[in-house]
Amino acid sequence: MSDTPAERQLNFIEQIIEADNASGKWGGKVVTRFPPEPNGYLHIGHAKSICLNFGLAQRYGGTCNLRFDDTNPTKEEMEYVHSISDNIRWLGFEWPNQKDDAVESGALFASDYFQTMYDYACELIRKGKAYVCDLTADETREYRGSLNKPGRESPHRNRSVEENLDLFDRMRKGEFPDGSRTLKAKIDMASPNVNLRDPVMYRILHAKHHRTGDAWCIYPMYDWAHGIEDSLEGVTHSICTLEFENHRPLYDWFINAINEGRTNDGSGPWGKRIVHSQQIEFAKLDLNYTVMGKRNLLALVKEKRVGGWDDPRMPTLSGLRRRGYTPESIRNFCTDVGVAKFKSTIDIGRLENAVRDHLNKVAPRRMAVLDPLKVVIENWPEDGTVDELDAINNPEDASAGSRKVPFTRELYIEREDFMEDAPKKFFRLAPGREVRLRYAYFVTCTGVVKNDAGEIVELRCTYDPATRGGDSPDGRKVKGTLHWVSASHAVEAEVRLYDRLFNDEDPDNPRHEKDFHEFLNPDSLKKVHGCKLEPSLAQAAIGDRMQFERLGYFNVDIETTPGNLIFNRIVSLKDSWAKQRDQ
RNA sequence: UGGCCCCUAGUGUAAUGGUAGCACGACAGACUCUGGAUCUGUUUGUCAAGGUUCGAAUCCUUGGGGGCCAGCCA
């Protein structure tokens, strides 16, 4: 489903990189980074960015740093550092200096650069490009003007270098309360790009940082910090999402401001030029029938609409992981959707398609009956005779071998595989009709047993001994093949069936009158108890993935305990009968 | 009554002034011990109008539609 990189057409970022390599702009080097803020869990949208950044580094023999953009101590926690690092490893990517002593080992942190950033800030002050401003947040907003009206210059804009240096030093020392002053870049209060109207570089925040503790009480803003982080790490291509397009002029302004007066060989008053990474923006992943915003995801968890961040219905990486998605399928999906600047929405069906595609090749096949209906083979001996039949583990993979499944007089089949009054196109069991039980025998339905309420409780069938293994020596064909489980050997389990979390394609669309909560799908989780599995499944371990024949792909949920097997349906198989039936 | 970005089959994505292609979906058929998988075929597209050009999806102009920006968030 996805081309290998070598044959695929280049996306626009790869084209930029190849042009840079051809021109020698970076000496053939490619350094990227994935820069999450440790204030939430990663979701499938982040996976696209991760695959892009790490994938580019892989493809061009470069490196991709994992760098936490931890410049806001009021929102960030180590817990997120761990979960994010863990998710990236799970996805199958490696950052430089990664070791196993800690999950985040080798990761870089913006907070490690705070002193350097501070020094650069002092340099901008000395160059007359930054000043301490005493305006409050409200006043700053007012002075900024609007989209249509230019802003006004702050009354503190023209303080002397000495005063600015002194004030900034005292800001750092903690002499002023939160919000009382900021350091701003002196750019252009009339710029049509609001980002350039003297943006804040530092704010005062007397907050304990999860890594630097109380060492700082001023923290750099994103725009000031990010380009420096990239520069310090020698990032060549700084890839971010579309909403930062308007920030690129500021990104460039800051680096240019630092480089002003600097030289390639370090001669002159300001020293050597620093690396000026190229910021490139792409459209982030958007999926239908779900929500991806941090606030919305957090709301679902806090309000207990789902079981947690790793609820198998969540679009989080930990949710997809628990659901049973393979890292490879997610990587394939990300390659498949491509990279461009057009803000598109991907159908969630493509994600489902990606797991199906992968699991079809690697998942062992097993038989499991979710909604059991008892079948008695009338002409089978009543003495407990067991026939051990060969079942192929994976028709897509000969090396997967085969296993034995026991066939006995009493079996279970899927309730929906029988219809008393079946239409012609129904290729399954019905009175008088013959079907094949997978890897076993042809059976013919001879009778239906009902309870007082008129519900079918049992089927009576006969089998054809000549069809052992599933083929008829006389060349007789049957239209249907059913999965089944021996009643006396069956392992009991709970199976959890998932459906999309929302009934609306775009639940959080602001154009809706309704809140996204109102689109929650009440049937997104169905717990099915009393499912009957073939005996080999008694050994299934947490995380194991397999195909239940004719039903879909499943994995063993982490809530499984000895004696209480729980399976998640990762995704169903395509079902062309269901499609036909519903028409 | 500002600035920046974007618009190619249903959904995505190529074609970088030279035959509009690919993937997925849908539909049809073949095959099949999973109504799965696989294979084959079919369908549908350059937002609009002008201009430049031998030739425009591509360059220019205007119009239309969409997105982003006025956090001491990232």
Side-chain angles (χ1 to χ4, degrees), chain A residues 1-3 8-12 15 35-37 39 69 71-72 74-76 133 135-138 140-142 144-151 178-184 191-197 199-205 218-219 221-223 225-226 240-249 281 283 288 294 336-347 349-350 353-354 356-357 360-361 365 367 391-392 395-396 425-428 436-440 442 467 469-471 477-483 547-552 572-581:
Chain A
M1 64 172 296
S2 59
D3 298 322
R8 202 192 64 237
Q9 299 285 345
L10 263 35
N11 64 49
F12 80 100
Q15 290 177 17
E37 184 190 9
N39 73 343
D69 214 355
T71 57
N72 187 349
T74 65
K75 296 186 174 176
E76 298 152 4
C133 180
L135 258 26
T136 65
D138 283 345
T140 292
R141 189 184 321 116
E142 198 187 315
R144 189 156 34 224
S146 73
L147 295 178
N148 301 318
K149 276 171 293 190
D178 288 3
S180 59
R181 290 178 217 265
T182 56
L183 183 74
K184 288 178 177 173
S191 172
N193 183 340
V194 183
N195 294 127
L196 262 20
R197 319 242 261 232
V200 173
M201 295 166 66
Y202 278 92
R203 75 282 212 187
I204 301 173
L205 240 35
I218 57 171
Y219 290 91
M221 297 288 290
Y222 168 86
D223 290 297
H226 207 86
C240 62
T241 48
L242 251 27
E243 62 267 33
F244 291 100
E245 262 176 326
N246 294 330
H247 293 244
R248 190 175 357 121
E281 311 86 14
N288 60 12
K294 273 177 189 168
D336 204 42
V337 300
V339 177
K341 296 191 74 163
F342 177 64
K343 195 185 174 312
S344 61
T345 302
I346 307 295
D347 193 305
R350 291 182 77 141
N353 205 50
R356 258 193 218 105
D357 192 61
N360 175 51
K361 294 177 199 127
R365 272 57 169 173
M367 291 200 283
I392 293 167
E396 305 289 321
K425 292 279 205 173
F426 185 78
F427 300 149
R428 307 178 186 182
R436 170 171 36 235
L437 294 181
R438 181 104 158 127
Y439 299 124
F442 285 12
T467 57
D471 280 307
K477 297 285 183 197
V478 287
K479 278 290 219 178
T481 299
L482 271 41
H483 60 276
Q547 183 194 99
F548 289 170
E549 296 231 18
R550 303 208 304 134
L551 297 175
S572 65
L573 250 28
K574 281 193 196 167
D575 188 348
S576 55
W577 159 245
K579 199 182 288 179
Q580 189 178 102
R581 178 192 54 199

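Convention: sequence-line order gives letters A, B, ...; per-chain numbering from 1.
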Q: Pick the P atom in B/rA9 and in B/rG21, then give their distance to the nearest Å.
A: 14 Å
Q: Could you work out the separation of B/rG36 and B/rC68 based on their P atoms and round it to a whole Å?
A: 41 Å
Nucleotides 40-47 of chain B: which of its N/O atoms have a protein N/O under 3.5 Å away?
none

Q) A/V478 near the nucleic acid: base, sugar-phosphate alone, or nothing, with a heavy-atom cut-off under 4.0 Å? A) nothing
Q | Integer angstrom distance from the P of B/rA14 to that of B/rC6 | A | 13 Å
Q. Is any side-chain heavy atom of A/R550 closer than 4.5 Å to a side-chain heavy atom of A/W577?
A. no
(Q) Measuring to OP1 and OP2 of B/rA74, would you say a side-chain N or O of A/R203 lies under 4.0 angstrom away? (A) yes
**Q.** First of A/D138 and A/G338 reached from the 5' end of RNA chain B, by closest nucleotide
**A.** A/G338
Q: Just call it for A/D471: base, sugar-phosphate, or nothing, with non-hydrogen atoms closer than 4.0 Å on any strand.
A: base
(Q) Please report the distance separating the C1' of B/rG25 from the corresponding atom of B/rU43, rounded so that it comes out in whole Å. (A) 12 Å
Q: List in chain and number order the residues that pass side-chain hydrogen bond (donor to acceptor under 3.5 Å, both in side chains) with A/E245, two or more places apart in sequence or in another chain; answer none if no residue qualifies.
A: A/K341
Q. Is A/P199 close to A/D223 at the side-chain level, that is, under 4.5 Å between some pair of heavy atoms?
A. no
Q) Taking only side-chain nitrogens and oxygens of A/S344, does any of them come within less than 4.0 Å of OP1 or OP2 of B/rU13? A) yes
Q. For A/T182, which contact category applies under a 4.0 Å heavy-atom criterion: base, sugar-phosphate, or nothing?
A. base
Q) Between A/Q580 and A/K341, which is nearer to the 5' end of RNA chain B once each is assigned its nearest nucleotide? A) A/K341
Q. If we only count heavy atoms from C-beta on, is the A/E396 to A/R365 side-chain gap below 4.5 Å?
A. yes
Q: Establish whether the base of B/rG35 is bridged to the side chain of A/R550 by a donor-acceptor pair shorter than 3.5 Å.
A: no
Q.
Please classify the nucleic acid contact of A/S191 as base, sugar-phosphate, or nothing, using heavy-atom distances under 4.0 Å.
A. nothing
Q. What is the distance from atom CG of A/L135 to atom CZ of A/R181, rounded to the nearest 0.5 Å?
A. 11.5 Å
Q.
Quick check, does A/Y222 stack with B/rA74? I mean ring centres under 5.5 Å and planes off by under 30°.
A. no
Q. Are any non-hydrogen side-chain atoms of A/I204 and A/S180 less than 4.5 angstrom apart?
A. yes
With 3.5 Å as the limit, what N/O pairs link the protein to nucleotides 25-28 of chain B?
unit_1	atom_1	unit_2	atom_2	d
B/rG25	OP1	A/K574	NZ	2.7
B/rA26	OP1	A/K579	NZ	3.0

Q) Heavy atoms under 4.0 Å, any strand shown: does A/R197 hit a base, just sugar-phosphate, or nothing? A) nothing
Q. Expressed in whole Å, how much space separates the P atoms belonging to B/rA28 and B/rA37?
A. 15 Å
Q. Looking across every strand, which nucleic acid part, if any, lies under 4.0 Å from A/F442 by heavy atom: base, sugar-phosphate, or nothing?
A. nothing
(Q) I'd like to know if the side chain of A/S191 and the backbone of A/N193 have a donor-acceptor N/O pair within less than 3.5 Å. (A) yes
Q: Could you grab the distance from atom CD1 of A/I346 to atom CG of A/D336, nearest 0.5 Å is fine?
A: 8.5 Å
Q.
Between B/rU46 and B/rA15, how far apart are the two C1' atoms, rounded to whole Å?
A. 11 Å
(Q) With rounding to the closest Å, how many angstrom separate the C1' atoms on B/rG29 and B/rG64? (A) 43 Å
Q. Is there a side-chain contact between A/E37 and A/Y222, using heavy atoms and a 4.5 Å cut-off?
A. no
Q.
At 4.0 Å (heavy atoms only), tell me whether A/A137 reaches a base, stays on the sugar-phosphate, or touches nothing.
A. base
(Q) Within the 3.5 Å criterion, strictly below it, is a donor on A/T481 or A/R438 matched to an acceptor on the partner's side chain? (A) no
Q: Take atom C1' in B/rA74 and the same atom in B/rU13, then report the distance between them in whole Å.
A: 29 Å
Q) Which is it for A/M221 and A/T182 under the side-chain contact (heavy atoms from CB on, under 4.5 Å) test, yes or no, and what are the steps along the way? A) CA-CA 10 Å; A/M221 297 288 290; A/T182 56; over 6 Å; no
Q) Got a sec, which residues hit side-chain hydrogen bond (donor to acceptor under 3.5 Å, both in side chains) with A/T71, two or more places apart in sequence or on another chain? A) none
Q) Is there a donor and acceptor pair, one atom on the side chain of A/Q547 and one on the base of B/rU34, closer than 3.5 Å? A) yes
Q: With heavy atoms under 4.0 Å as the rule, sort A/E549 into base, sugar-phosphate or nothing.
A: base
Q) Which letter, B, S or -, goes with each nucleotide of nucleotides 63-71 of chain B from 5' to 3', with contact meaning a protein heavy atom under 4.0 Å? A) ----SBBBS
Q.
Within the 4.0 Å heavy-atom criterion, would you say A/L183 contacts the bases, only the backbone, or no part of the nucleic acid?
A. nothing
Q: Decide yes or no for A/N246 and A/V194: does some side-chain heavy atom of the first lie under 4.5 Å from some side-chain heavy atom of the second?
A: no
**Q.** Test item: A/Y219 and A/N72 side chains (from C-beta on) under 4.5 Å apart, heavy atoms
**A.** no
Q | For RNA chain B, stems built from three or more consecutive Watson-Crick or G-U wobble pairs below 3.5 Å | A | B:2-7 with B:64-69, B:10-13 with B:21-24, B:26-30 with B:38-42, B:47-51 with B:59-63
Q) Is A/P395 touching bases, backbone alone, or none of the nucleic acid, heavy atoms closer than 4.0 Å? A) base
Q) Do you know which of A/E76, A/K294, A/K75 makes side chain to side chain donor-acceptor pair (under 3.5 Å) with A/N39? A) A/K294
Q | CD1-CG distance between A/I218 and A/L205, expressed to the nearest 0.5 angstrom | A | 10.5 Å
Q.
Categorize A/T71 for me: base, sugar-phosphate, or nothing, with a 4.0 angstrom heavy-atom threshold over every strand shown.
A. sugar-phosphate
